[in-house]
Amino acid sequence: MYDAIVVGARCAGAPSALLLARAGYRVLLLDRSAYGSDTLSTHLVHQPGIAALARWGVLDQIRASGCPPLERTVYEVADIRIDGCAGGVAGQRAKYAPRRRVLDALLVDAAVRAGAEYRERCRVTALLRNRTGRVVGVEGRHRDRHFTEHARLVIGADGMRSTVARLVAAPCTVRHPLMTCAYHTYWHDVPADGVELYERPGAWVAAVRTNDDATLVQAYFPQSRFEEVRTDARRAYEEQIRTTAPSLHERLLGSEPTERLHGTGDQQNFFRQATGPGWVLVGDAGHHKDSVTARGISDAFQQAEALAAELANVLADDPARLDAALARFAETRDATMAPGYQGTLGVARLAPPHEQRLALLRAVRSDPELVATYLDVVAGVVSADALYTPKLLALL
Ligand SMILES: Cc1cc2nc3c(=O)[nH]c(=O)nc-3n(C[C@H](O)[C@H](O)[C@H](O)COP(=O)(O)OP(=O)(O)OC[C@H]3O[C@@H](n4cnc5c(N)ncnc54)[C@H](O)[C@@H]3O)c2cc1C
């Protein structure tokens, strides 16, 4: 009997297992994929996520993997260029963009060091329930063998297409249509300055340095163009960079990407019911949004910490207290994630920027302190209200 079984061992699942194991609980961490495998992502972790990695003792290993700190952000829209550094949080001013095969493996290692039991290539296919219908465990296949395991709590950290969410029939409580499609690949010998962001109506392009001296370049398109874009994704990708980020495009000329193009047209926007008797969803399983604002990893970390805090003294307790703690987690999740969700939907429309927003950016660009606060808003360190200081209002 485990205290918790965590299904999915990446940005939501591995930290959940790590924190619960550190709290003294008996934790089983499962993933159908192999240890150290890659997954579709552009890797950018904002400062709140970096601060979490530092708290968990994983940041030094990210640095040791050769992943460079990204202190500076350059953002171009219309005739405006914002160039500066965020204020950051908890002493972390830099973002990082580690390859997921690096980040996810280091998180699993930390969970295992904390005492969690980890099984790779282990697919959950069904949930076990007691007489009252409460979830009390999982069953599935580990490599080629059928298995069942029991636990007080099953944590679905199994991503946007969550099996746990499907098996408990967790409904979506908020849902919006698909908004973008996105393609990326990696380039060598293409120097990029920290994080580079380029926006124009119908387009968004980002460049970040990652492991192996590579620069990841990502291009976003409206979802309405997905069928057309996917017929010749390489051509559409290069054209989007040329027209949206000409200075970056020039640096790519003469280079060849080091990997095939990776892309998706399925980035759903939803909140699912977060919990029920004996189960809870964390990370993308419970709440997913377009990746254009690169919030998913930091948000998964934040949810793992919020869940572990609620479970601190109740996981081995009677089910009613456990369910009450899970309900508090659900409430916190919805309240904490809502502003970032709304902000992401706003960016993912890829609509022409409002004149009001351009006026704000023109005011911000001239002052390093305002630039730092603006970049903190983008990173989710502070809310947008923090920007409206007397200094900014005087410039508007
Ligand atoms: C194109 C793209 C770019 C992105 N870029 C960024 C970015 O730059 N920054 C950022 O913060 N976020 C980004 N995101 C979002 C980010 O990748 C996710 O928010 C993050 O991976 C969520 O982590 P997770 O652990 O919840 O889910 P996942 O990373 O999806 O992990 C779920 C795990 O569950 C496992 N699993 C699934 N079903 C089962 C089962 N039945 N049994 C056992 N295991 C199972 C899977 O194998 C997987 O390993 C991007 C997403 C996309 C699609």
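For clarity, every value in this text was computed on a predicted model and none was experimentally measured. Whatever order the structure lists them in is the order used to number ligands and atoms, beginning at 1.
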Identify which of [options] has a heavy atom lying nearest to [atom].
atom                    : options                       : result
atom 43 (C) of ligand 1 : Arg161, Arg141, Arg32         : Arg32
atom 27 (O) of ligand 1 : Ser41, Gly159, Gly140, Ala126 : Gly159
atom 47 (O) of ligand 1 : Asp31, Val124, Leu29          : Asp31

Judged by non-hydrogen atoms, does Cys122 sit under 4.0 Å from ligand 1?
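Right, Cys122 reaches ligand 1.
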Proximal atoms of ligand 1 relative to [X] (non-hydrogen, under 4.0 Å):
X      : value
Arg100 : 16 (C), 17 (O), 20 (C), 21 (O), 29 (O)
Gly8   : 33 (C), 34 (O), 35 (C)
Ala157 : 32 (C), 33 (C), 34 (O)
Gly283 : 26 (O)
Cys11  : 23 (O), 25 (O)
Gly296 : 10 (C), 11 (O), 12 (N), 19 (O)
Ser33  : 47 (O), 49 (O)
Arg10  : 25 (O), 29 (O), 31 (O), 48 (C), 49 (O)

Considering both backbone and side-chain atoms of [X], is one of its nitrogen or oxygen atoms within less than 3.5 Å of a nitrogen or oxygen in ligand 1?
X      : value
Arg123 : no
Leu30  : no
Val7   : no

So which heavy atom in the protein is nearest [atom], and how far is it from that ligand atom?
atom                    : answer
atom 36 (N) of ligand 1 : Asp158 CB, 3.7 Å
atom 11 (O) of ligand 1 : Ile297 N, 2.7 Å
atom 25 (O) of ligand 1 : Ala12 N, 2.9 Å
atom 6 (C) of ligand 1  : Thr42 OG1, 3.4 Å
atom 2 (C) of ligand 1  : Ser291 OG, 3.6 Å
atom 9 (N) of ligand 1  : Leu44 O, 2.8 Å
atom 20 (C) of ligand 1 : Asp284 OD2, 3.7 Å

Backbone, side chain, both or neither: what part of [X] comes under 4.0 angstrom of ligand 1, heavy atoms only?
X      : answer
Ala182 : neither
His43  : backbone
Thr163 : side chain
Asp299 : neither
Arg295 : backbone
Ser37  : neither

Under 4.5 Å between any side-chain heavy atoms of [X] and [Y], yes or no?
X      : Y      : answer
Leu53  : Leu103 : yes
Val138 : Leu30  : yes
Gln47  : Lys95  : yes
Leu128 : Thr148 : yes
Leu178 : Asp266 : yes

Side chain [X], main chain [Y], donor-acceptor under 3.5 Å:
X      : Y      : answer
Asn269 : Asp290 : yes
Tyr25  : Leu19  : no
Thr332 : Arg328 : yes
His287 : Phe270 : yes

I'd like to know if the side chain of [X] pairs up with that of [Y] as donor and acceptor (distance under 3.5 Å, no hydrogens or angles considered).
X      : Y      : result
Gln268 : Arg175 : yes
Asn211 : Tyr96  : no
Tyr220 : Gln218 : yes
Asp189 : Ser255 : no

Selection residues 267-288 - residue pairs positive for salt bridge (charged side-chain N to carboxylate O under 4.0 Å, His left out), sequence neighbours left out:
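For residues 267-288: none.
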Just jot down the ring pair (Phe, Tyr, Trp, His ring centres under 6.0 Å) partners of His184, sequence neighbours excluded, or say none.
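His184: ring pair (Phe, Tyr, Trp, His ring centres under 6.0 Å) contacts with Tyr186, His262.
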Are more than 12 heavy atoms from other residues, nucleotides or ligands located less than 6.0 Å from atom CZ of Arg145?
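No.
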